[in-house]
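Only this structure's heavy atoms are used, side chains among them; waters, hydrogens and symmetry mates stay out. Values in this document were obtained by computation on a predicted structure and should not be read as measured data. Letters go in sequence order (proteins before strands), and every chain restarts at 1.
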Amino acid sequence: MTSSFPIDRIRADFPILSRTIHGKPLVYLDNGATSQKPRAVIDAVSRFFSEENSNIHRGVHYLSMQATDAYDRARERIAEAIGVAAAREVVFVRGATEAVNLVAHGLAERFQPGDEILLTVMEHHANLVPWQILAQKRGVILRHAPLTPEGEIDMEAFAALCGPKTRLAAFTHVSNALGTVNPVVKMTRLAKQCGALVLIDGAQAVPHFPLRIAELGCDFYLFSGHKVFGPDGIGVLWGKWDELKSLPPYQSGGDMIERVHLTHSTFREPPERFEAGTPHISGAIGLAAAFDYLEGVGWEAMHAFEQELLAYATERVGNLGGIRIIGQAREKVGVLSFTLATAHPHDIGTILDTEGVAIRAGHHCAQPLMEFLGLPGTARASFAFYNTREEVDRLVQALEKVKRYFD
Amino acid sequence: MDDLSDLYQDIILGHNKRPHHYGELNPHTHEAEGYNPLCGDRLCIQVREKDGSLEAAGFTGEGCAISKASASIMTDAVKGLDREGVAKKIGEVLELLTGREEPVVDLMEQGDIAALAGVRKFPPRVKCATLAWHTLAAALSEEPRSVSTE
């Protein structure tokens, strides 16, 4: 294990990690569902409410100007952190789900019957259902790239599914259920060769490794703040300027208008066009604070630490009898999905909980993937850079307890 | 016994490992599908009614130990009951699982059903235990339909 990584100091930055569950120290391995928040994020949000709270883009008074400044600075800070040139390309949304819906809504009118949208079978419901609704409305055909037995995208099949009718390819950067890191640059290139727009769901990627989104070649990239150690209810949709500008408003009302008449209105440019009403100001500030914090820890060191932890967990859990690891891609983030021959994932989850070990059990909002794999669900331990080898050992001990009940 | 041993009693684990009446019931007179969309548990309950009482009950589907054991226990418990008896039994079990009052379980009267009481201490798992019973109620209703425990 990377000895230079100051794990004790980092854990001390996350207040919740010191609490107990059922009398035992919490082992939080459900980071794929949501991540814990460092003191820096909690303090940034609390400071905003204590010292700067006001509505933005409205008042001429001092506080409102301060809040507006803080909100605008958050957007600039996040743009810089995710590697995009212009803050105006960063739209604040509620989360990844809203971002996909915003794009699906905005693109809907462009589709003709018979057009195709290319997805993959590993998508989260958030990147499936909005396209299904669009497809039903517009007579669009949905195509789904299959996976290899290891849980990687079958790239030959993906390439073959890119065709002249492919108007959009929408795929995840990292599988939430398997941990697979997809070759998104290559996938983007293939889709672009067919003239398709490309949307990438980065909800499970952004928390795990440094990103330069503008270098991926895609048109849209999106993620949720709460999975990247920031507050919930805030997320980011990044879009290439020309693409964002071509989208109609998603919701309408205050703040997104230029001029309102009684019967018609004109709309502002992005990002304001897509941020109707009072936005989640404290959320944006908290998310910017999360990126500050992560840069302080160091993305490369975090990633290396987490990869070693994943290797250790894969070996320890994999060596338990009756365990099947689901998802053995060459490139993964810290996600370990597995099944146990004798126990259903929910039973595993309940027993682990009594040991203070929090994991996710079930279909992970990826029912088509589970169907593709022929599984009712899996148990999933998902790691962050604040998890430790000792916690992996606690997971293994808790799994041994499951086996004592069920084997 | 700690809470976990209350939940995974030998009776539950036994029914999970060797469920009673697992498989399609043919012929059957009523059936319904029960589904828990949050966790993906899915059960199909089939029963055969003859001369006003349930001659047999069976189930198929997949789910956790609790939902399987509960279905298995149910297929034993409702056999031979008339409509009124089935409705009463379903009511008792739902009260046992979800009632406000801590249940007083008569082991002699309830048999294996008593083993389901341990689920009460695990609120997220209560819906696993109720799924089979809600599904049976749906199967016997005027308009059988699929039910959902969410």
Side-chain angles (χ1 to χ4, degrees), chain A residues 21-24 30 33 124-126 128-129 176-177 322 326 337-380 397-407, chain B residues 1-19 22 33-44 59-73 97 115-132 146 148-150:
Chain A
I21 302 286
H22 308 308
K24 288 160 188 152
D30 196 16
H124 187 283
H125 295 166
L128 286 174
V129 182
N176 70 314
I326 309 297
S337 237
F338 56 91
T339 58
L340 191 52
T342 47
H344 188 277
H346 291 133
D347 298 310
I348 298 175
T350 293
I351 295 181
L352 263 49
D353 178 60
T354 63
E355 293 297 305
V357 179
I359 62 150
R360 171 93 187 258
H363 53 58
H364 314 298
C365 296
Q367 285 180 353
L369 171 62
M370 293 300 134
E371 212 162 292
F372 181 84
L373 297 169
L375 297 170
T378 72
R380 180 191 71 181
Q397 282 162 18
L399 286 170
E400 280 163 349
K401 184 173 177 186
V402 176
K403 286 161 63 67
R404 281 200 296 279
Y405 273 96
F406 281 90
D407 279 8
Chain B
M1 268 204 303
D2 63 9
D3 289 352
L4 197 58
S5 309
D6 271 350
L7 179 66
Y8 294 116
Q9 298 175 35
D10 287 343
I11 292 170
I12 301 284
L13 294 173
H15 277 281
N16 174 51
K17 231 171 208 172
R18 286 171 294 278
Y22 188 86
E33 192 176 67
Y35 181 50
N36 181 340
L38 271 195
C39 63
D41 285 0
R42 189 185 289 277
L43 288 176
C44 178
F59 78 103
T60 52
E62 53 197 348
C64 61
I66 305 302
S67 67
K68 252 160 80 181
S70 185
S72 171
I73 289 168
L97 290 166
L116 292 172
V119 181
R120 285 177 65 90
K121 289 181 191 146
F122 295 82
R125 304 302 300 279
V126 166
K127 61 187 187 304
C128 312
T130 58
L131 182 60
S146 79
S148 152
T149 52
E150 283 303 327

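Taking 4.5 Å as the heavy-atom cut-off, the residues of residues 399-407 of chain A that approach chain B are Lys401(A), Tyr405(A), Phe406(A), Asp407(A), ordered by number.
If you measure heavy-atom distances from Tyr8(B) to chain A, the contacts under 4.5 Å come from both the backbone and the side chain. Within the 4.5 angstrom heavy-atom criterion, only side-chain atoms of Asp41(B), from C-beta onward, approach chain A. Leu4(B) touches chain A through backbone and side chain together, each having a heavy atom under 4.5 Å away. Neither the backbone nor the side chain of Ile348(A) comes within less than 4.5 Å of any heavy atom in chain B.
Of the listed residues (Ala343(A), Pro376(A), Gly362(A), Gly349(A)), the greatest number of heavy-atom pairs within a distance under 4.5 Å of chain B belongs to Pro376(A).
Side-chain contact check for Lys17(B) versus Thr342(A): every heavy-atom pair is 4.5 Å or farther apart.
Nearest heavy atoms, Arg125(B) versus His346(A): NH1-O, 3.0 Å. The minimum heavy-atom distance linking His344(A) with Cys64(B) is given by the pair CG-CA, 3.3 Å.
Note that CD1 of Ile66(B) is 7.5 Å distant from OG1 of Thr350(A), once rounded to the nearest 0.5 Å.
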